[in-house]
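Treat the numbers as computed from the prediction; the structure is a model and nothing was measured. Per chain, numbering begins at 1; letters A, B, ... match sequence-line order.
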Protein chains: 2
Amino acid sequence: MRSEDIAKLAGVSRSTVSRVINNYPNVPEATRAKVLRVIEQHHYEPNSFARALAGKRTDTIGLFAISMTEKEDTSRIYQNSYFAPIVDMVVDTANARGFYVLIHTVYSPGDFQKVKQAFQQKRIDGGILVGTQKDIELVREMVDQEAPLVLVDYDIAEIMAERLNKNHLAVINSNDYEGTVQAIEYLIELGHREIGILKGSMNTFSGRERYLAYEHTLQKHNLPLPEAFVLEGEFLKESAYRETRKLIEQGTLPTALFCANDDMAFAAMEAFSESGVRVPEQLSVIGFDDVQLASRITPKLTTVRLPVDEMAKAAVLKVLELCETEQPTFSTVSFPTRLVIRDSCQPPTE
Amino acid sequence: MRSEDIAKLAGVSRSTVSRVINNYPNVPEATRAKVLRVIEQHHYEPNSFARALAGKRTDTIGLFAISMTEKEDTSRIYQNSYFAPIVDMVVDTANARGFYVLIHTVYSPGDFQKVKQAFQQKRIDGGILVGTQKDIELVREMVDQEAPLVLVDYDIAEIMAERLNKNHLAVINSNDYEGTVQAIEYLIELGHREIGILKGSMNTFSGRERYLAYEHTLQKHNLPLPEAFVLEGEFLKESAYRETRKLIEQGTLPTALFCANDDMAFAAMEAFSESGVRVPEQLSVIGFDDVQLASRITPKLTTVRLPVDEMAKAAVLKVLELCETEQPTFSTVSFPTRLVIRDSCQPPTE
DNA sequence: CTGAAAGCGCTTACAG
DNA sequence: CTGAAAGCGCTTACAG
């Protein structure tokens with residue numbers, strides 16, 4: 001069933017059918033009604049590709065997550081508890097507004113290609129890009145195509161420096177810096193002086209922010225940076241676990257450990273528990289993100305809450321908005337984070 | 001940049017460009033090389049919609065999950081720990097094979113419409129449908145369009161009865177019945193005689209299977225069905241929590257509770273813990289699915305492992321296979337489940 | 001082996 | 001207000 005068929009049945013031309021479908025004003029009510037009736041009777045659905053080819057929207061947005069890890073093919077991206085809720089929320093929000101979502105994750109350069117294609121081939125009206133790494137080049141290419149694009153967890157300064165800010169672009173992130181300051185100062189207030197860190201991926205905006213805030217807060221309170229307690233966790237459970245084991249074997253421990261995300265905090269706690277290091281009695285652990293599991297393990301994890309759901313939702317609303325607007329816009333939203341105190345921290349025992 | 005441009009630059013016709021792109025045999029190596037060079041130089045990407053319109057594939061598969069709950073808009077589907085890993089695996093597997101995945105979840109009849117459209121409008125080459133409820137009608141419509149379709153967690157008997165089995169169709173599920181029998185017999189061996197159940201949604205194939213197996217196994221061992229301990233949990237945390245509270249308030253408890261999925265087991269454990277009922281000392285709890293959390297809470301949950309990852313992967317491979325094949329096929333795979341014994345069960349105390 | 005032409009199903013100036 | 005026609009960017013018989 002094509003628009004031609006509808007046209008015949010309704011006794012009008014394809015042009016008119018099209019006008020009705022697209023809700024153009026210059027169609028008399030009677031004609032519109034007649035056409036609509038035929039459309040409904042036959043459950044007619046205009047072919048989306050034909051529409052897209054002729055210049056209409058595809059009613060699809062893209063969601064592209066860039067893997068944290070450098071190695072291809074290893075740990076899948078969603079294993080990271082951070083992405084699952086994003087996917088959830090994005091799909092839900094977009095669906096509720098009549099949009100499909102097209103998903104592709106990026107591990108390898110080949111995958112990058114796929115993301116670009118999704119834009120170039122106009123498979124989507126706009127896209128959301130999560131994760132930052134070395135993809136600024138990709139972002140530029142996207143932006144050059146004037147495709148509506150929302151970046152999540154992206155360094156605004158970098159965007160500005162690249163002068164990408166005069167297009168259909170928006171960036172959404174969270175106050176990771178402030179959240180980390182809160183976490184570290186909480187530990188300091190508890191009396192900790194030797195605070196280690198399990199770092200996130202420094203390829204990532206949030207990874208860098210969380211590390212810098214850690215460093216600066218120690219400085220501000222005249223605490224030395226404990227080199228031996230600065231571990232490279234890369235946001236991944238495996239590395240975090242490995243690094244924590246190394247730390248334990250090496251002998252001396254800090255009295256508290258700030259983990260740049262909850263996944264790493266869980267891994268660290270596992271390692272500690274296996275070695276008989278009791279949390280929080282012997283060592284306090286604090287996380288970041290407040291994923292579901294955080295409040296369900298023992299001890300319940302003290303962590304910094306990141307409003308992922310709101311961020312994801314905002315990202316979708318933003319792309320849709322950008323799809324509507326003619327003029328180039330650039331906007332920025334930063335969501336607040338806050339410390340959630342549970343059971344995994346206590347004053348250091350002397 | 002369109003195929004026309006490439007043609008000019010390469011000094012051939014669009015036909016030839018198309019033949020090269022589609023890897024047709026009747027193109028001399030020299031010509032092919034020449035065209036390919038131009039394509040690469042200009043990063044040319046054929047417009048996917050135009051290709052699709054002209055009858056080619058879209059290189060996209062659909063993933064449609066049908067919400068367990070009847071009410072619209074309430075708990076989002078992915079909150080169910082069962083779906084997140086499916087989405088993961090499907091996206092990963094499809095991406096690795098060069099396919100995009102288009103996602104839409106179904107809460108309301110309107111959403112069903114969207115799923116149908118995705119097929120009708122040929123947005124996708126094939127689709128995966130998860131969850132069963134009252135969507136047999138939808139399945140029939142899909143099948144009538146001869147679209148490759150893979151059903152996950154679907155009653156084969158129902159398909160056969162509907163005579164849908166002569167098309168590009170496959171169904172993938174798991175031996176929920178056998179898994180449940182194992183679980184219940186394990187409890188019986190431990191000495192339990194009063195075994196309650198938190199039922200899953202009876203709209204669901206797995207929900208029905210798990211319930212039936214429970215009932216049959218009790219019968220087989222000459223145990224009466226303890227009506228008071230048969231709770232309607234619908235696979236959802238909230239209902240499970242509510243029902244468990246009711247059970248507790250009502251006074252008498254079974255000595256063991258079989259929960260048709262882990263999510264409900266967690267909710268029940270929470271309710272018990274709040275009321276001071278100790279698991280497993282006073283009451284054994286057993287789950288189903290073996291989601292991530294199962295091995296991380298205290299006590300670690302004894303549960304039946306469902307190979308979701310393998311199932312999801314198989315589903316993708318199957319759709320892709322169906323997309324390749326000309327002739328109608330119908331096939332069926334059932335994945336094994338197995339009991340994973342951890343800490344949440346023990347013999348009843350007298 | 002290869003090009004001209006028709007067709008896929010829509011939209012949108014254009015003319016009336 | 002409305003239809004005929006061109007165009008979106010590809011593929012594929014068809015003819016040579």
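In terms of position on DNA chain D, the residue among A:P28 and B:M1 whose nearest nucleotide sits closer to the 5' end is A:P28.
Within the 4.0 angstrom heavy-atom criterion, base atoms lie near A:S18. Looking at heavy-atom distances under 4.0 Å, B:T16 makes contact with sugar-phosphate atoms alone, never a base. Within the nucleic acid shown, B:S15 comes within 4.0 Å of at least one base atom, counting heavy atoms only.
No donor-acceptor distance shorter than 3.5 angstrom exists from the side chain of B:S18 to the backbone of B:R14, with no hydrogens or angles considered. At least one donor-acceptor pair under 3.5 Å links the side chain of A:N173 to the backbone N or O of A:Y154. Judged by distance alone, the side chain of B:D125 and the main-chain N or O of B:I61 form no donor-acceptor pair under 3.5 Å. In terms of modelled atom types and a separation under 3.5 Å, the side chain of A:K114 and the main chain of B:G98 share a donor-acceptor contact. The backbone N or O of A:R19 sits nowhere less than 3.5 Å from a side-chain atom of A:R32 that would complete a donor-acceptor pair.
Using a cut-off of 4.0 Å between Lys/Arg side-chain N and Asp/Glu carboxylate O, B:R2 and B:D5 are scored as salt-bridged. Here B:E324 pairs with B:R57 in a salt bridge; the nearest charged N to carboxylate O distance falls below 4.0 Å. Ionic pairing of B:K313 and B:E310 is not present here: no N-O contact between side-chain nitrogen and carboxylate oxygen is shorter than 4.0 angstrom.
The strand DNA chain C forms stems, runs of 3 or more Watson-Crick or G-U wobble pairs with distances below 3.5 Å, at C:1-3 with D:14-16, C:5-12 with D:5-12, C:14-16 with D:1-3.
Taken residue by residue, residues 29-57 of chain A places heavy atoms nearer than 4.0 Å to DNA chain D at A:T31, A:L53, A:A54.
Remark: the A:R123 side chain and the B:T60 side chain contain an N/O donor-acceptor pair separated by less than 3.5 Å.
For C:dT12 and C:dG16, the C1' atoms lie 16 Å apart once the distance is rounded to whole Å.
Note: A:H104 and B:Y100 have perpendicular aromatic rings, judged against thresholds of 30 and 60 degrees for the angle between ring planes.
Extent of DNA chain D lying under 4.0 Å from chain A heavy atoms, first and last nucleotide in 5' to 3' order, is D:dC1 to D:dG9.
Between A:N95 and B:Y107 the shortest side-chain heavy-atom distance does not fall below 4.5 Å.
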